[in-house]
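The structure appears right after this line, and notes come after that.
So you know, we letter chains A, B, ... as the sequences are listed, proteins then strands, and number each from 1.
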Protein chains: 2
Amino acid sequence: MARFTRLSSEDRRAQLMDVALAGLAKGGIQEFTVDRICAAAGVSRGLILHHFGSMAGLLAAVYARLYRDTTPDLTALRPETRIAALIEGSFAPKVFNRETLNAWVALWGQIANTPALRDEHRRQYQSYLAQVTEAIGALATARGRRVDAAAVARSLICLIDGLCLQHCLDPEAMPAEAAKEACRAFLAPHLD
Amino acid sequence: MARFTRLSSEDRRAQLMDVALAGLAKGGIQEFTVDRICAAAGVSRGLILHHFGSMAGLLAAVYARLYRDTTPDLTALRPETRIAALIEGSFAPKVFNRETLNAWVALWGQIANTPALRDEHRRQYQSYLAQVTEAIGALATARGRRVDAAAVARSLICLIDGLCLQHCLDPEAMPAEAAKEACRAFLAPHLD
DNA sequence: ACCCTTGTTGAATGACCGTACAGTAAAGGC
DNA sequence: GCCTTTACTGTACGGTCATTCAACAAGGGT
């Protein structure tokens, strides 16, 4: 009988990212260690370095994965419905829960001091901002309004992040419906 | 000659909190260790435990100190000017800079997994929210508007936090003036 | 059936972690 | 000037940390 299973590089990377992400969600950055992640994944300690080069490399990969998993993809939708979908998606139970947000906040806390992670953040954020900016511009055009789409998009993203942070630190103080309403209230004077 | 200087418990606590905060600002939570803090403060390794009981105790104390140092005190001002002062104070250079915000974000990342810090957060946030809620209610009354002051205050605080996070992760993308403008734009439909 | 690529193991390394604690000495009260 | 209090020192301890690396073996190609 085989002593271990040999996976493709791609599959093993995905597994390790998932396990690491689950650890971050459950216990924050304290859970992000070689020992804990490898034990949880059922693999030996040497594997993370083999696939990611360093813990910082894994951290950056996990960040990209979290972005991909929790940021709604707006490109497939009709321009007029994209903003509504963004708000619904940002505060859906899959994303707007204590554990998932705990992973987000833990990663934010590392960005400023982990170059590989900061680079990944810049990349992801730029693409995210571009999507939201375009969606706001399209909606404004459809409604015959003139807005500074880039500025409104930046502010909306900040508001969403702040609402997520708040929910993570004290869930009862910021339920999903209140968060959605706050976003709509922010956008109304620009778009209605 | 004296081998060391003997300070009052209060003074030494203040010094250690300041040094720890400076470390958080400079290098995030990685800098928050017994060795680094004591070396930077020029004291021996045993002192933190003596004054704070544990590193978690110091962390909670540092959080309270950061709140006190960066949250503007509104009670001394006339009710109509409190919100303007809140916005000015929140994005003043003393607060709205990469290093100070780095300390904030690092601490946020620990709240969910450090009971002593979470308790301190609840206490501080509750008081902060109460101040902002009252300020918004007073301003609305002065302008003859009816608003859900508690909801607007919660959202405003989230927006401020999100703007701070954004500035910390990528300062050029969110200058102070843009942040202030975002807050005013959020409040206008409720208060103007 | 063999070989070769490469995913995988696991021990070794050296540094750092927070906490405990027994002893030292500074400074205020008398 | 002594005495009491307690701020302070500094070593010791048991863990845990990320990283290195030489050896192993799984499984596809031939």
Is it the case that the side chain of Arg154(A) and the backbone of Ala173(B) share a donor-acceptor pair, with hydrogens and angles ignored and the cut-off at 3.5 Å? yes

For His121(A), what residues pass the side-chain hydrogen bond (donor to acceptor under 3.5 Å, both in side chains) criterion, not counting sequence neighbours? Tyr63(A)

So do Val43(A) and Ile37(A) actually touch side chain to side chain, heavy atoms under 4.5 Å? no

Asp170(A) meets the side-chain hydrogen bond (donor to acceptor under 3.5 Å, both in side chains) criterion, sequence neighbours left out, with Arg122(B)

If the cut-off is 4.0 Å, is His50(A) near the phosphate of dG7(C), judged by side-chain N/O to OP1 or OP2? yes

Transitive ILVMFWY side-chain link Val105(B) to Tyr128(B), under 4.5 Å: yes

Measuring from atom CD1 of Ile136(B) to atom CG of Leu187(B), what distance do you get when rounded to the nearest 0.5 angstrom? 5.5 Å

Residue pair Thr75(B) / Asp73(B), side-chain donor-acceptor N/O under 3.5 Å: yes

Find the distance Gln15(A):CD to dT8(C):P and express it as a whole number of Å. 9 Å

Of all pairs that satisfy salt bridge (charged side-chain N to carboxylate O under 4.0 Å, His left out), the ones with a partner from residues 12-34 of chain B, not counting sequence neighbours: Asp18(B)-Arg65(B), Glu31(B)-Arg36(B)

Output every pair passing salt bridge (charged side-chain N to carboxylate O under 4.0 Å, His left out) with a member in residues 136-153 of chain B, not counting sequence neighbours, ordered by first then second residue. Arg143(B)-Asp192(B)

Axis-to-axis angle between the two ends of the helix from dA1(C)-dT30(D) to dC30(C)-dG1(D) (five base pairs per end, rounded to 10 degrees): 10°

Carboxylate-amine/guanidinium contact Glu88(B) Arg82(B), below 4.0 Å: no

Is a side-chain donor or acceptor of Gln131(A) paired with a backbone partner of Leu74(A) at a separation under 3.5 angstrom? yes

Test: salt bridge (charged side-chain N to carboxylate O under 4.0 Å, His left out). Region: residues 93-121 of chain A. Which pairs qualify, not counting sequence neighbours? Glu120(A)-Arg123(A)

Once salt bridge (charged side-chain N to carboxylate O under 4.0 Å, His left out) is applied, do any residues pair with Arg6(B), and if so which ones, sequence neighbours excluded? none

Considering every strand and a 4.0 Å limit on heavy-atom distances, what is the contact class for Leu7(A): base, sugar-phosphate, or nothing? sugar-phosphate

Roughly how far apart are Leu86(B) CG and Thr71(B) OG1, rounded to 0.5 Å? 9.0 Å

Describe the nucleic acid contact of Ser8(A) in one word from base, sugar-phosphate, nothing, applying a heavy-atom distance below 4.0 Å. nothing

Shared hydrophobic cluster, Val34(A) / Val62(A) (ILVMFWY, side-chain heavy atoms < 4.5 Å): yes

Under 4.0 Å protein heavy-atom contact, by nucleotide of nucleotides 16-25 of chain C - B base, S sugar-phosphate only: -SBBS---SB

With the threshold set at under 4.0 Å for non-hydrogen atoms, list the residues of residues 107-120 of chain B touching DNA chain D in residue-number order. none

Quick check for you: name the first and last nucleotides of DNA chain D, 5' to 3', having an atom under 4.0 Å from a heavy atom of chain A. dC17(D) to dG27(D)

Donor-acceptor check, side chain of Thr81(A) to backbone of Arg78(A), threshold 3.5 angstrom: yes or no? yes

Which pairs, protein N/O on one side and nucleotides 28-30 of chain C N/O on the other, fall under 3.5 Å?
none

Residues from residues 16-29 of chain A lying under 4.0 Å of DNA chain C - heavy atoms: none

Has Glu80(A) got more than 12 heavy atoms of other residues, nucleotides or ligands less than 6.0 Å from its CD? yes

Polar side-chain atom of Gln15(A) near backbone of Ala41(A) as donor-acceptor pair, under 3.5 Å: yes

